[in-house]
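Just below is one structure, and these are the notes that go with it.
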Amino acid sequence: MAKHHIAFAPERVEILRFSEEIVKSGYNHSKELVRIPWEMLVDFSLIEKIIEYNIMDKADTSTF
């Protein structure tokens with residue numbers, strides 16, 4: 001059975017940080033996934049903010 005959404009999995013800290021914006025965009029999320037319904041437009045600016053936050057958050061990380 002096909003899902004009615006596309007999902008992406010930012011880290012939990014980003015989901016918590018951007019939870020309100022995710023919901024305002026019409027998406028829902030769990031602790032580990034953001035779900036975008038197929039019929040909705042993708043808010044690329046929100047995804048870009050989440051990625052930029054992750055890069056900034058990891059800037060001083062020296063381990064993997």
Side-chain angles (χ1 to χ4, degrees):
M1 172 192 239
K3 300 291 181 185
H4 299 280
H5 61 266
I6 186 169
F8 68 100
E11 293 183 2
R12 198 173 286 187
V13 66
E14 283 90 23
I15 291 177
L16 292 173
R17 168 92 163 75
F18 291 96
S19 179
E20 282 187 36
E21 289 182 66
I22 292 167
V23 173
K24 281 182 184 177
S25 291
Y27 312 150
N28 64 41
H29 66 82
S30 66
K31 292 178 184 176
E32 298 180 358
L33 289 174
V34 175
R35 294 177 202 89
I36 303 170
W38 284 118
E39 66 275 2
M40 295 191 74
L41 294 175
V42 176
D43 184 350
F44 289 106
S45 64
L46 174 58
I47 295 172
E48 183 177 19
K49 282 198 266 187
I50 292 171
I51 293 168
E52 287 175 353
Y53 180 83
N54 186 273
I55 291 169
M56 181 195 70
D57 188 46
K58 304 287 185 283
D60 295 326
T61 302
S62 61
T63 60
F64 183 66

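In this chain, numbering begins with 1 at the start of the sequence shown.
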To the nearest 0.5 Å, what is the distance between [atom1] ([X]) and [atom2] ([Y])?
{"X": "K31", "Y": "S19", "atom1": "NZ", "atom2": "OG", "result": "12.5 Å"}
{"X": "I22", "Y": "I36", "atom1": "CD1", "atom2": "CD1", "result": "9.0 Å"}
{"X": "H5", "Y": "N28", "atom1": "NE2", "atom2": "CG", "result": "7.5 Å"}
{"X": "S45", "Y": "E21", "atom1": "OG", "atom2": "CD", "result": "8.5 Å"}
{"X": "D57", "Y": "E52", "atom1": "CG", "atom2": "CD", "result": "13.5 Å"}
{"X": "E32", "Y": "F8", "atom1": "CD", "atom2": "CZ", "result": "14.0 Å"}

Worksheet item: Heavy-atom distance under 4.5 Å between the side chains of N54 and P10, does that happen here?
Response: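 They are not in contact (no side-chain heavy atoms under 4.5 Å apart), so the answer is no.
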Hydrophobic cluster identity match, [X] and [Y], side-chain contacts under 4.5 Å:
{"X": "V34", "Y": "I55", "result": "yes"}
{"X": "V13", "Y": "V23", "result": "no"}
{"X": "M56", "Y": "L16", "result": "no"}
{"X": "L46", "Y": "L41", "result": "no"}

So which atom in [X] and which in [Y] form the shortest heavy-atom distance, rounded to 0.1 Å?
{"X": "A7", "Y": "L33", "answer": "CB-CD2, 4.3 Å"}
{"X": "M40", "Y": "G26", "answer": "SD-O, 3.4 Å"}
{"X": "K58", "Y": "E11", "answer": "NZ-OE1, 2.9 Å"}

*asked:* Is it the case that atom CD in E39 sees more than 12 heavy atoms from other parts of the structure closer than 6.0 Å?
replied: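 Yes - once you tally the heavy atoms of other residues, nucleotides and ligands closer than 6.0 Å, there are more than 12.
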Practice problem: Could you list the residues that satisfy ring-ring contact (aromatic ring centres under 6.0 Å, His included) with Y27, not counting sequence neighbours? | Solution: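 With neighbours one apart ignored, the set is empty.
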**Message:** Pair E14, K49 - check salt bridge (charged side-chain N to carboxylate O under 4.0 Å, His left out), show working.
**Reply:** CA-CA 10 Å; E14 283 90 23; K49 282 198 266 187; over 6 Å; no
